[in-house]
Amino acid sequence: MADPKGFMTTPRQDWPRRPVEERVRDWNEVYVPGALLPIINQQADRCMDCGIPFCHEACPLGNLIPEWNDLVSREDWRAAADRLHATNNFPEFTGRLCPAPCEAGCVLAINQPAVTIKNVECAIADKAWEEGFAPPRPPDRLSGWTVAVIGSGPTGLAAAQQLTRAGHTVAVYEKDDRLGGLMRYGIPEFKMEKHHLQRRIEQMRAEGTKFRTSTAVGRDIGAAELRARYDAVVIATGATAWRELDVPGRELAGVQQAMEYLPLANRVCEGDLEASPMSAAGKHVVIVGGGDTGADCLGTAVREGAASVTQLDIYPQPGEDRDEDAEPWPTYPKIYRLSAAHEEARDLRTAPAADADARLFAASTLRFTGDADGHVRSLHLVEVDARRRPVEGTGRALPADLVLLALGFSGPDRGDGLVDQLGLELEPRGTIARDAGFATNVPGVFAAGDAARGQSLIVWAIAEGRAVAAAVDRHLTGSSRLPAPIGPYDRPMTV
C-alpha cells in the first residue's frame, strides 16, 4: 500500500474524454490520447489494500486488483503487467469494454467514489505493449493433442490462447472474414479501436494458434467431420440469436436488428465500404432497447449524421445513487449512467423530447406505421408503469425512418446447423446444455461463453474461456495446471 491515506486525500479522476464536437466527427476512441498515464499513479494510490478485497469477488476473473494497484502506484509496470496477465488474457479489451463490476464491489465504494480499477487496468495493458511486456509465450513442447475452437470472440480467443500455451495444437474457426467476433463487428471503433484486437491475434499466431476465417462450422465444414478431426472441440460461438419485437409493422422496410446495422458501420471503418447501405445519415432514428448495444447504435448513428436519434428503455429512469435496500453493496447497482454515446446525444440534443440525454424511459413500443412504399415512418409508443402496464393517455408517435432493435440475444444461432448436426442438447432458454465440467452431451465437445451461459459481459466471456481451457486440458491429459476462475453455474453477485 504505497499511500495509506491516498483514498482520503485524492479524489477520483477518470480518464478524460475528448470534446463531444471533436470526437463525433471521427471514429477514434473517445478518450484523450495520453491523458491517462499522468493521473493513474495517484488514482492507484486510492486503493485501500483491503483485508478482504471484494473487488476480487465481483470480478469473475479474480483479478489481483490491490496488488497491481500498489505496483502501479510505485511505477513498477513490468510487475504490474505480470500480475494482470496472470488472470486476464486481454486486459486492454476489458479495460475499455467491461462495465467494471469490480468497481461496484470496491470497499471504498461503500461511501465514496470507487477506485478507477478499469482505468488502471487499461493503463497497465497499454504500458505492457508499449514497453514490450507482452511477448508471445509459445509452449516449450507440444502435447500431441489437437483442439478446435469454434468462434473467435473473447471466449474462443481466451480458450485458444490458454490451450496453445499448454502445448496443444489449436485451430480457431471463425465464420466471418476477420477474427474477433462481436469485438470486431459488433463493438464500434469509438469504443475500442481494432488495432488492440489485431495485436493480440498476432501474438497468438506467434504462439502457434492457427486461425481459419470465413469458415462456418455446420455449413462450410460439417460439424461431425470437424469433431472427428480433432481430439476435442470447444464451442464458443456466442449468443447471436437476436430477440424479436412482435408488433404490427415489424415487416416494414427500415426496421432492422442492431446487429444488422452495427457490422456495416464497422466495415466502413475497416475500409470494406465507402458508406454503410444502412447509414443513419439524415434519418430520424429510434433505437428500441436500453442496453449497451442500443448505446452503441446511438453513438454510431450520431457519427453517421442522423437527423435525430431517440433511444427507448422499457425500464423506469434509475436514480443517481445506489438503492441500498434493493441493491446493497457490493452488488452491481442499476443507477443512471452516462456513457460516451449518451453524453454526445445530450450535448448535441439529438432527441429534444427525451427524458434524459437521448433516452425515453418507461416506454414500450406499440406498433410501426409506414408510407405507401412500405417504409417505416413512425413508431408509436406508450408509457408503462413499474409492472410494464400501459399508462392510459400516454400514447404518442415518434418520427422514424430507421428503427434499430437492440433487445438482446437468446442463445446460439442455429442457422449454420452446428447444434443440430452434433445433436447438442439445449437448455429451455435456448443455450447449449453442459455439465459441471463444461462438457456437452457429445463426448469431447465442450461449450463456453454466451453460447452456453447466455448473454453476458466480456469479463465473464474471458473467464469462461480460461475455465473451459482447463476443463479441456484435464480431459485430454488427466490433469491440468491451467487456472479455472469460474464454474459453468457461477453467477454474478445479486441480492
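One-based numbering along the sequence shown. Values below: all heavy atoms of this structure, side chains included; hydrogens, waters and symmetry mates excluded.
- The pair Arg165-Glu207 meets the salt-bridge criterion, since a charged nitrogen lies less than 4.0 angstrom from a carboxylate oxygen.
- Counting heavy atoms of neighbouring residues, nucleotides and ligands inside a 6.0 Å radius, atom CD of Gln257 exceeds 12 of them.
- For Lys210, the NZ atom sits in a loose shell: 12 or fewer heavy atoms of surrounding residues, nucleotides or ligands are nearer than 6.0 Å.
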Practice task
Carefully, step by step, assess Glu304 and Tyr261 under the rule side-chain contact (heavy atoms from CB on, under 4.5 Å).
Solution key: CA-CA 12 Å; Glu304 288 180 337; Tyr261 170 73; 2.6 Å; yes
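- No donor-acceptor pair closer than 3.5 Å links the side chain of Gln162 to the backbone N or O of Ala469.
- Salt bridge annotation for Glu327-Lys334: absent, with no cationic side-chain nitrogen under 4.0 angstrom from a carboxylate oxygen.
- Atoms CD1 and SG, from Ile117 and Cys47 in turn, are 7.0 Å apart once rounded to the nearest 0.5 Å.
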Handout entry: Candidate pair Arg184 and Gln198, rule side-chain hydrogen bond (donor to acceptor under 3.5 Å, both in side chains), full reasoning
Key = CA-CA 9 Å; Arg184 173 73 68 178; Gln198 197 60 39; 2.7 Å; yes
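- The cationic group of Arg453 does not satisfy the cation-pi geometry with Tyr489, failing either the under 6.0 Å distance to the six-membered ring centre or the 45° limit from the ring axis.
- At distances below 3.5 Å, not a single donor-acceptor pair connects side-chain atoms of Thr213 with backbone N or O atoms of Glu174.
- Screening Glu29, Glu270, Glu189 for a salt bridge (charged side-chain N to carboxylate O under 4.0 Å, His left out) involving Lys194 leaves a single residue, Glu189.
- Checking Thr116 against Asp14 by side-chain atom types alone, no donor-acceptor pair falls below 3.5 Å.
- Between the side chains of Arg96 and Tyr31, no donor-acceptor pair is found at a separation under 3.5 Å.
- A cation-pi arrangement, defined by a distance under 6.0 Å to the six-membered ring centre and an angle within 45 degrees of its axis, is absent between Arg200 and Phe93.
- Between Asp26 and Arg18, at least one side-chain nitrogen of the basic residue sits less than 4.0 Å from a carboxylate oxygen of the acidic one, meeting the salt-bridge criterion.
- A donor and an acceptor atom, one from each side chain of Glu92 and Trp129, are located under 3.5 Å apart.
- Note on Asp292 versus Lys191: no salt bridge recorded, every NZ/NE/NH1/NH2 to OD/OE distance being 4.0 Å or above.
- Side-chain contact check for Ser214 and Asp177: no donor-acceptor pair (N or O, by modelled atom type) lies under 3.5 Å.
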